[in-house]
Amino acid sequence: MHRFANPTRFLKLARPLTAILFWIGLALTLGACVWGLAVAPADRLMGDTVRILYIHVPTAWLGMGGWAAIAVASIVQLVWRHPLAGIAARASAMPGAVFAALCLLSGSIWGRPAWGTWWVWDGRLTSMLVLFFLYIGYIALVSASSERGQTSRIAAIFGIVGAVNIPIINRSVVWWQTVHQPPSITLAGSSIDGAFLWPLLISVIGFSLLFGAIVLMRMRAALADIRVEARLQRLAAA
């Protein structure tokens, strides 16, 4: 892990990897959306409203995945003092917040015809809303950090503690009575018909690759800012 602690070595790998993840992710995402909109059949009960599944599920996954990345990077920062860990956590926050917001928005659009209302204080919806607010709080904390591009220890601890909400979101439909449907994909298998499952899986992979590309872009931008600031400081001291 420390092999890539050197920013120059990291950037040498991140530059080509960003393009690879972005273009493959974009192709898979667009292909899955076209497949879901034009090829996959309408659901027997929900009709064409089921097509929002190909946006809602990946955004929900990445809303939670973004915070999981923050938590892991924060642990690495605090325990191993990895110089890029704080930057990785910070870079994951904004895209994670965007995906969490898209999950809430697409879920409300889906809920209107399915449940007859835009919003209910359901366990799954409420815990996802809490996650979005956690993102806002984390972004505020890292923005107040004294070191540009870095993440403070307080923000790192907040990132770890906030991860408690991830299993709550995941298990909320099992622990409590809820209007949200139970998990359709588990370790035991899937209850989703193959006509819906395959474009959904491709969409999840595509969005995940795009998320990775965005995080790498933001990390590269943060490292560039740090280098510019260090150069300006050296010039000011000369």
Side-chain angles (χ1 to χ4, degrees), residues 4 10-43 46-73 84 87-111 114 124 128 131-132 135 166 169-170 180-181 183-222:
F4 300 104
F10 168 78
L11 288 172
K12 187 178 295 185
L13 175 66
R15 287 190 188 100
L17 188 58
T18 300
I20 292 171
L21 293 178
F22 178 80
W23 290 113
I24 295 178
L26 183 63
L28 290 177
T29 300
L30 292 177
C33 289
V34 171
W35 187 354
L37 290 173
V39 179
D43 183 74
M46 293 185 289
D48 285 325
T49 60
V50 75
R51 301 187 191 282
I52 204 169
L53 175 81
Y54 308 109
I55 301 295
H56 179 67
V57 172
T59 55
W61 157 252
L62 290 170
M64 294 186 289
W67 196 276
I70 290 173
V72 171
L84 293 180
I87 295 175
R90 183 175 184 142
S92 301
M94 186 59 73
V98 170
F99 278 117
L102 289 174
C103 169
L104 292 168
L105 178 62
S106 59
S108 294
I109 295 173
W110 196 357
R124 172 62 62 84
M128 197 69 195
L131 178 64
F132 176 72
Y135 272 118
I166 300 302
I169 296 173
N170 181 261
H180 194 284
Q181 69 185 60
S184 302
I185 301 175
T186 64
L187 294 177
S190 171
S191 61
I192 303 177
D193 186 88
F196 304 105
L197 180 61
W198 287 110
L200 176 60
L201 292 178
I202 293 173
S203 179
V204 169
I205 294 171
F207 272 103
S208 298
L209 294 179
L210 285 177
F211 181 87
I214 293 169
V215 170
L216 288 177
M217 289 178 192
R218 290 175 58 82
M219 290 182 69
R220 290 168 58 192

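Quick note: numbers below take in every heavy atom, side chains included, and nothing from hydrogens, waters or symmetry partners. All values reported here derive from a predicted model rather than from experimental measurement.
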Next item on the list: Would you indicate whether the side-chain heavy atoms of Ser208 and Leu62 approach each other to under 4.5 Å?
Entry: yes
Checklist line | Stepwise side-chain contact (heavy atoms from CB on, under 4.5 Å) check, Leu21 with Leu210 | finding: CA-CA 6 Å; Leu21 293 178; Leu210 285 177; over 6 Å; no
Notebook entry, point to check: Taking all non-hydrogen atoms of both residues, which atom of Ser203 and which atom of Thr29 are closest, and how far apart?
Noted result: O-OG1, 4.5 Å
Check: With distance as the sole test, does Arg124 use its side chain to make a donor-acceptor pair with the main-chain N or O of Ile169 at under 3.5 Å?
Finding: yes
Check: Crowded around Met217 CE? As in, over 12 foreign heavy atoms under 6.0 Å?
Finding: yes
Checklist line | side-chain contact (heavy atoms from CB on, under 4.5 Å) assessment of Ile55 paired with Cys33 | finding: CA-CA 8 Å; Ile55 301 295; Cys33 289; 3.9 Å; yes
Margin query: Minimum heavy-atom separation for Cys103 and Ala60, please, with both atom names.
Written below: SG-CB, 3.5 Å
Next item on the list: Could you tell me which non-hydrogen atom of Pro58 sits nearest to which non-hydrogen atom of Phe207, and how far apart they are?
Entry: CB-CD1, 3.4 Å
Checklist line | Nearest heavy atoms of Ala93 and Ile70, plus distance in Å | finding: CA-CD1, 3.8 Å
Margin query: So Phe99 and Met64, do their side chains get closer than 4.5 Å, heavy atoms only?
Written below: no
Margin query: Is there a side-chain contact between Leu209 and Leu28 in this structure, where contact means two heavy atoms from C-beta onward sitting under 4.5 Å apart?
Written below: yes
Checklist line | Residue list, ring-ring contact (aromatic ring centres under 6.0 Å, His included) with Trp61, at least two apart or on another chain | finding: none
Next item on the list: Kindly give the heavy-atom pair with the smallest separation between Ser106 and Thr59, and that separation in Å.
Entry: OG-OG1, 4.0 Å
Margin query: As an exercise, state the distance from CG of Leu200 to NE2 of His56, rounded to the nearest 0.5 Å.
Written below: 10.5 Å
Margin query: Working to the nearest 0.5 angstrom, can you tell me the gap between Thr18 OG1 and Arg220 CZ?
Written below: 4.5 Å
Next item on the list: Determine, step by step, whether Leu216 and Phe10 satisfy the side-chain contact (heavy atoms from CB on, under 4.5 Å) criterion, reporting the C-alpha distance in whole Å, the side-chain angles of both residues, the deciding distance to 0.1 Å, and the verdict.
Entry: CA-CA 10 Å; Leu216 288 177; Phe10 168 78; 4.0 Å; yes
Check: Does Ile202 reach the side chain of Tyr54, with side-chain heavy atoms less than 4.5 Å apart?
Finding: no
Item checked: Taking every non-hydrogen atom, the tightest pair across Met128 and Gly63 -> CE-CA, 4.2 Å
Margin query: One pair to check against side-chain contact (heavy atoms from CB on, under 4.5 Å): Val39 and Val34. What are the steps and the verdict?
Written below: CA-CA 7 Å; Val39 179; Val34 171; 5.8 Å; no
Next item on the list: For the residue pair Ile166 and Leu131, establish whether any side-chain heavy-atom pair is separated by less than 4.5 Å.
Entry: yes
Checklist line | Set of ring-ring contact (aromatic ring centres under 6.0 Å, His included) partners for Tyr135, sequence neighbours left out | finding: Trp67
